[in-house]
Each structure stands twice: as C-alpha cells, then as structure tokens.
Amino acid sequence: MEETKLSMYQLYKEMLSNYLTNKSEEVLYNAQQFSKEMMEKDMSPEEMVSLHMSVFQEIVKDLPEEVVDSFDLLLEVMIGYGLAYREHQSLRDRQRQLDSELNVAARMQQSLLPNKKIDMAGVDFGVISVPAGKMSGDYYHYIQDEHGCVGIAVADVIGKGVPAAMCMSMIKYAMDSLPEQRLQPGDLLENLNRVVERNIDDDMFITMMYGSYDPRDNKFHFSSAGHEPGFYYKAKEDRFEELGSKGLVLGITPKTSYDERAIDMEPGDFIVLLSDGVTECRIEGDFIERKQITDMIRMYQHLSAQEIVNNVYRDLEKMQDFQLRDDFTLLILRKQV
C-alpha cells in the first residue's frame with residue numbers, strides 16, 4: 001500500500017511539475033489518465049486534495065500562509081463531499097441492481113400472460129395491456145376449450161411492484177388449476193377467492209371480472225369481484241349497457257358468494273372488459289367519463305377487435321401527453337356477423 005502511495009506521489013509530482021513549467025496539452029491528457037488510475041485504486045476526493053497539497057508544497061517553497069490555509073479548508077470540504085459521493089455511488093449501484101432485478105421480474109410477469117390467440121369461427125377477440133411502470137398490477141386472462149367456449153377475465157391487484165407481480169403469478173396458477181369450463185363464473189370467483197384469501201397479506205386484495213361465452217347457446221355469463229364494470233354493446237340498437245354485477249373483492253373473507261348474470265349475444269354484439277386505468281385516465285386534469293370511452297370504441301367499431309383496443313389506447317395515451325398514470329388494460333370479445 002505504501003509503495004502504491006509513493007508511486008502515485010512521484011507520478012503526480014512529475015506531472016504537476018511539467019504542467020507548471022510547460023502548461024502543455026499532453027500533461028492535461030496525462031492528468032485525465034491519472035484520474036482513471038485514481039478510481040482504479042479507489043482514491044477518495046480528500047486523498048487527492050491531500051496529495052496535491054503535499055506535492056505542491058514540495059515543488060513551491062515558502063507558500064503564503066493564506067494558500068496553505070485555503071488547502072486546509074478545501075480538504076475539510078472534500079472530506080464531506082467524499083463521504084456524500086461514496087454514499088451516492090453506493091445508492092446508484094444498488095439502484096442499478098434493483099433495476100436489473102425489476103427487468104427480470106417484468107419479463108417473468110409478461111410470461112404469465114396468455115400468448116396463444118383465440119382461433120374460433122364467429123369470435124373476434126382483442127386485448128391490450130400496458131403497465132404504467134416496469135411492473136404491472138393488471139392481469140388479463142383468456143382461454144378456449146374443446147367445446148369452443150371462451151373464458152375471459154381482467155383483474156387488478158391493489159398494489160404495485162414486486163408484491164403485485166407475485167399476486168399475479170398466484171392468480172395465474174390458481175386459474176390454471178381450476179376446471180374453468182366446468183365452473184360458472186360465480187363459482188370460479190368463489191373458488192379463486194378462497195385461494196387468494198389464504199395466500200395474500202391483509203393489506204392487499206384483488207378485483208376481477210370473469211366471463212364465459214358459450215357459442216352453443218350464444219350466452220355470455222359473467223360475475224364481478226368488486227371490479228370496474230365493463231360494457232356490453234348491442235349492435236341492433238347501437239347502444240352500450242353497463243356490464244356489472246355485485247361481488248366482494250377477492251381476498252377479504254374466505255366465505256363469499258358472487259352474483260352471476262347472463263346476456264344473449266347476437267351477431268355484432270361485443271363485450272368490453274377493462275381496468276380502472278382506462279376509466280381513470282385524466283384529460284386536462286379531469287377524469288374521463290365512461291361515455292367518452294364508449295364513444296371512442298364506437299368510432300372504431302368497424303375495425304377488428306384488436307385494432308379497436310389498439311386505437312383507443314393510442315388516443316387516450318396521446319390525450320395524456322403519453323404519460324400513463326395507471327396500468328391500462330382493455331379487452332374486447334365480439335360475436336361476428
């Protein structure tokens with residue numbers, strides 16, 4: 001260690017002497033390389049000031065007392081600065097590590113979402129889900145069985161970050177383990193609620209709307225666990241109806257029943273499920289009205305379901321200056337003409 005300090009001392013003394021004599025660009029370049037060597041040897045700012053003061057006093061004899069005193073003051077300043085700088089560097093390194101871990105978690109979270117498209121004659125389906133940050137509190141789900149029945153869901157974990165992602169994984173695997181197409185939506189939510197209540201903290205809960213479309217009788221059955229009401233579009237009347245039913249959020253109490261409703265779907269009709277990140281979009285400081293959302297959907301209803309949700313998201317994002325304040329999920333299931 002002493003040899004290293006002596007080597008740095010001699011190197012800096014030679015460099016400073018050359019600069020005071022010649023003031024050449026080459027010496028300034030060497031000074032930049034010296035700073036890199038300082039970092040490699042983990043020299044603190046106050047150590048550099050002390051080194052400069054020692055070398056300078058050796059090169060220039062009989063320094064004025066004011067100059068020496070100024071170095072003493074500068075050394076005290078740099079001690080405080082050095083401590084704060086090292087703490088900042090430590091926090092930055094931890095932040096980089098956290099960002100790296102969050103990126104991995106976000107990719108894992110994305111892998112929990114379904115990736116196979118619904119491929120069924122007579123059904124048009126589209127979904128878009130965009131997190132406000134790296135991690136999302138929204139979850140969507142869809143599944144198609146061998147009878148052509150389609151189950152769809154949108155859920156919102158009340159919470160953000162890694163805890164929300166962990167809840168999302170629990171929902172995904174719980175739903176995968178349930179015999180969805182043999183359970184009506186109300187029964188499915190009741191079963192899912194028991195799983196959630198046993199496995200999440202008391203300060204967390206989950207909202208969800210789940211529905212199942214059966215093309216054999218053209219009925220859509222649905223239930224809600226305290227989730228943002230969706231919409232039902234009746235093509236013959238060119239009219240939107242609110243799609244909602246009563247039900248407590250998941251995870252509050254183990255014994256909860258959920259109301260179930262059914263609607264008949266005719267050609268051109270479609271179901272809209274969404275998260276509160278859609279209805280709580282702010283335009284010029286005010287929350288968007290639900291009618292504004294249905295008006296936007298109506299404007300694009302001549303397009304495919306996927307194009308509708310993409311365009312609605314694009315327009316709302318633009319209205320908010322491309323700054324999402326909450327996770328955004330919008331899903332449409334349409335019975336084709």
Taking the six-membered ring for Trp and the single ring otherwise, decide whether the centroids of F71 and H52 are under 6.0 Å apart. yes

Is the distance between the ring centroids of Y142 and F125 under 6.0 Å? yes

Steps toward salt bridge (charged side-chain N to carboxylate O under 4.0 Å, His left out) verdict (D295, R298): CA-CA 5 Å; D295 287 345; R298 179 182 279 109; 3.5 Å; yes

Applying salt bridge (charged side-chain N to carboxylate O under 4.0 Å, His left out) between K219 and each of D269, D214, D264, report the one that passes. D264

Checking the side chain of S17 only, and the main-chain atoms of E14 only, is there a donor and an acceptor separated by less than 3.5 Å? no

Main-chain N/O of S224 paired with S245 side-chain donor or acceptor, under 3.5 Å: yes

Any ion pair linking [Y] and [X] (charged N to carboxylate O, less than 4.0 Å)?
X: D124; Y: K335; answer: no
X: E40; Y: K36; answer: no
X: E242; Y: R290; answer: yes

Do [X] and [Y] have side chains that get closer than 4.5 Å, going by heavy atoms?
X: N18; Y: M15; result: no
X: V150; Y: I118; result: yes
X: N193; Y: Y258; result: yes
X: E197; Y: F205; result: no

Going only through I, L, V, M, F, W and Y residues with side-chain contacts under 4.5 Å, is there a path from M299 to I293? yes

Going only through I, L, V, M, F, W and Y residues with side-chain contacts under 4.5 Å, is there a path from I59 to Y9? yes

Partner of Y233 by side-chain hydrogen bond (donor to acceptor under 3.5 Å, both in side chains), out of R239, R334, Q301: Q301

Under 3.5 Å, is there a donor-acceptor pair between the D138 and S275 side chains? yes

Once rounded to the nearest 0.5 Å, what's the spacing between atom CD1 of I271 and atom CZ of F222? 7.5 Å

Give a yes or no on whether E289 atom CD has more than 12 heavy-atom contacts from other residues, nucleotides or ligands under 6.0 Å away. no

Among Q10, M8, K13, which residue meets the side chain to side chain contact (heavy atoms under 4.5 Å, CB included) test with V55? K13

